[in-house]
Participant: 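This is the structure I have questions about; it appears just below.
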Amino acid sequence: MSTRRITMTPGARRVLTAASRLFYERGIHAVGVDLIASEAGVTKKTLYDRFGSKEQIVVEYLADRDERWRAFVTERIEPVERGSVARILAVFDASRAWMTESSPKGCSMVNAHAEISDAAHPAHPIITGQKEWMLALFTDLVREFAPARAEESARTLMLLHEGAMVAHGLRIFPDPIGHARDRARDLLAGAGAHGSHDGTP
């Protein structure tokens, strides 16, 4: 499904910056356009002229985070040797860095899905699209060294990864992403990662 996007003017960018912070900190439903406009230093008319609706602001918020997330992960796995366990574990390392730097309250897509479960909402394909991308990424990375187990292992890696992201936001125990990384390493060793290692002791 194609998601409509808008062209970002300086005023629209100010609105998006304010909305992104507020949506993540307080929740999408809890934040109204009056507060967004006030925080952005624009009028409501400007906000609606640029975006048309609050729904479109939500779309831009999630799409922007998704684009930055994909670029962040890709940048960190690209230099790692293809066909190695280290390349898959680099996804977990990237996630831990991202969550520490940008997402202390957990995954923005998971948080948004708790508020946007209607598949007809224009932001819904962005939420599910990111998770589909993650599953495809894990599948491709496992396929590089264990093609027969790629789909099965990728699904398990996805469950480890997403569970760790949720646990990070809940703060029930320290470093859940690091814990998931260790379990992923064990799983991949069992999948027959011949000659591969994660580069750690």
Side-chain angles (χ1 to χ4, degrees), residues 20-21 23-25 27 61-117 125-201:
S20 296
R21 175 176 54 80
F23 286 155
Y24 186 77
E25 291 177 354
Y61 155 61
L62 292 174
D64 179 68
R65 284 191 70 102
D66 181 42
E67 289 168 358
R68 290 189 290 113
W69 160 252
R70 296 188 193 203
F72 188 87
V73 173
T74 301
E75 180 181 288
R76 281 155 180 75
I77 66 174
E78 276 306 306
V80 184
E81 179 188 359
R82 291 182 181 275
S84 67
V85 171
R87 191 163 160 84
I88 299 172
L89 298 183
V91 177
F92 289 85
D93 293 335
S95 297
R96 182 160 49 183
W98 173 273
M99 298 297 275
T100 301
E101 297 168 11
S102 306
S103 299
K105 297 183 70 174
C107 173
S108 57
M109 298 298 161
V110 171
N111 295 348
H113 190 261
E115 300 189 75
I116 303 171
S117 57
I126 299 170
I127 298 169
T128 56
Q130 183 184 99
K131 301 312 177 184
E132 289 165 355
W133 181 79
M134 288 300 303
L135 180 59
L137 175 64
F138 280 126
T139 303
D140 289 344
L141 293 176
V142 177
R143 189 175 286 126
E144 291 177 0
F145 68 83
R149 299 281 299 275
E151 290 191 9
E152 178 188 352
S153 296
R155 289 173 181 173
T156 304
L157 289 167
M158 178 77 172
L159 291 173
L160 283 169
H161 182 268
E162 295 304 309
M165 300 281 264
V166 172
H168 173 89
L170 292 173
R171 300 182 181 278
I172 301 301
F173 62 90
D175 194 19
I177 301 175
H179 182 77
R181 182 190 189 278
D182 291 343
R183 301 292 72 75
R185 182 179 56 199
D186 296 342
L187 169 74
L188 294 166
H194 51 277
S196 298
H197 59 84
D198 67 359
T200 62

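Just so you know, these numbers use all the heavy atoms, side chains as well, and skip hydrogens, waters and symmetry mates.
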Participant: Rounded to the nearest 0.5 Å, what's the gap from CG on Leu157 to CZ on Arg183? Could you check?
Facilitator: 12.5 Å

Participant: Could you tell me if the side chain of Ile77 sits less than 4.5 Å from the side chain of Leu137, heavy atoms only?
Facilitator: yes

Participant: I'd like to check the side chain to side chain contact (heavy atoms under 4.5 Å, CB included) partners of Glu67; sequence neighbours left out, ordered by chain and number.
Facilitator: Arg5

Participant: Scan Thr156, Val142, Leu141 and name whichever one has a side-chain contact (heavy atoms from CB on, under 4.5 Å) with Leu188.
Facilitator: Val142

Participant: Which heavy-atom pair separates Gln130 from Cys107 by the least distance, and what is that distance?
Facilitator: OE1-SG, 4.2 Å

Participant: Show, in sequence, the C-alpha distance, side-chain angles and deciding distance for Arg185 and Asp182, and conclude whether the side-chain contact (heavy atoms from CB on, under 4.5 Å) test is met.
Facilitator: CA-CA 5 Å; Arg185 182 179 56 199; Asp182 291 343; 3.5 Å; yes

Participant: With heavy-atom distances below 4.5 Å as the criterion, would you say the side chains of Arg143 and Thr139 are in contact?
Facilitator: yes

Participant: Closest heavy-atom contact between Ser84 and Val80?
Facilitator: OG-CG1, 3.9 Å

Participant: Ignoring hydrogens, what is the shortest heavy-atom contact between Ser95 and Met165? Give both atom names and the distance.
Facilitator: CB-SD, 4.1 Å

Participant: Kindly compute the distance separating CZ (Arg149) from CZ (Arg155), expressed to the nearest 0.5 Å.
Facilitator: 13.0 Å

Participant: Test of understanding: with side chain to side chain contact (heavy atoms under 4.5 Å, CB included), list the residues that count as partners of Thr74, not counting sequence neighbours.
Facilitator: Glu78, Trp133

Participant: Quick one: which residue pairs count as a ring pair (Phe, Tyr, Trp, His ring centres under 6.0 Å) with a foot in residues 166-190, not counting sequence neighbours?
Facilitator: none

Participant: Not counting sequence neighbours, which residues clear side chain to side chain contact (heavy atoms under 4.5 Å, CB included) with Lys105? List them please.
Facilitator: Tyr24

Participant: Nearest 0.5 angstrom please: Arg181 CZ to Arg96 CZ, how far?
Facilitator: 6.5 Å

Participant: Grab the two heavy atoms, one from Ile127 and one from Ala112, that are nearest each other, plus how far apart they are.
Facilitator: CD1-CB, 3.9 Å

Participant: Quick one: does any side-chain atom of Arg76 pair with a main-chain N or O of Phe72 as donor and acceptor, under 3.5 Å?
Facilitator: yes

Participant: Roughly how far, to the nearest 0.5 Å, is the CE atom of Met109 from the CD1 atom of Ile116?
Facilitator: 10.0 Å

Participant: Can you see which heavy atom on Leu62 is nearest to which on Ser108, and at what distance?
Facilitator: CD2-O, 4.2 Å

Participant: For Arg171, enumerate each residue passing the salt bridge (Lys or Arg N to Asp or Glu O under 4.0 Å) test, keeping only those at least two apart in sequence or located in another chain.
Facilitator: none

Participant: Would the number of heavy atoms belonging to other residues, nucleotides or ligands and lying under 6.0 Å from CD of Glu25 be above 12?
Facilitator: yes

Participant: Looking only at side-chain N and O atoms, does Arg68 offer a donor or acceptor that is under 3.5 Å from a partner on Ser102?
Facilitator: no

Participant: Looking only at heavy atoms, which two atoms of Gly83 and Phe145 are closest? And how far apart?
Facilitator: O-CB, 3.5 Å

Participant: Looking only at atom types and distance, does a side-chain atom of Arg87 sit under 3.5 Å from a main-chain N or O of Arg82, one as donor and one as acceptor?
Facilitator: no

Participant: How about Ser20 and Arg65: do any of their side-chain heavy atoms sit closer than 4.5 Å?
Facilitator: no

Participant: With Phe138, which residues qualify under ring-ring contact (aromatic ring centres under 6.0 Å, His included), at least two apart?
Facilitator: Phe92, His161

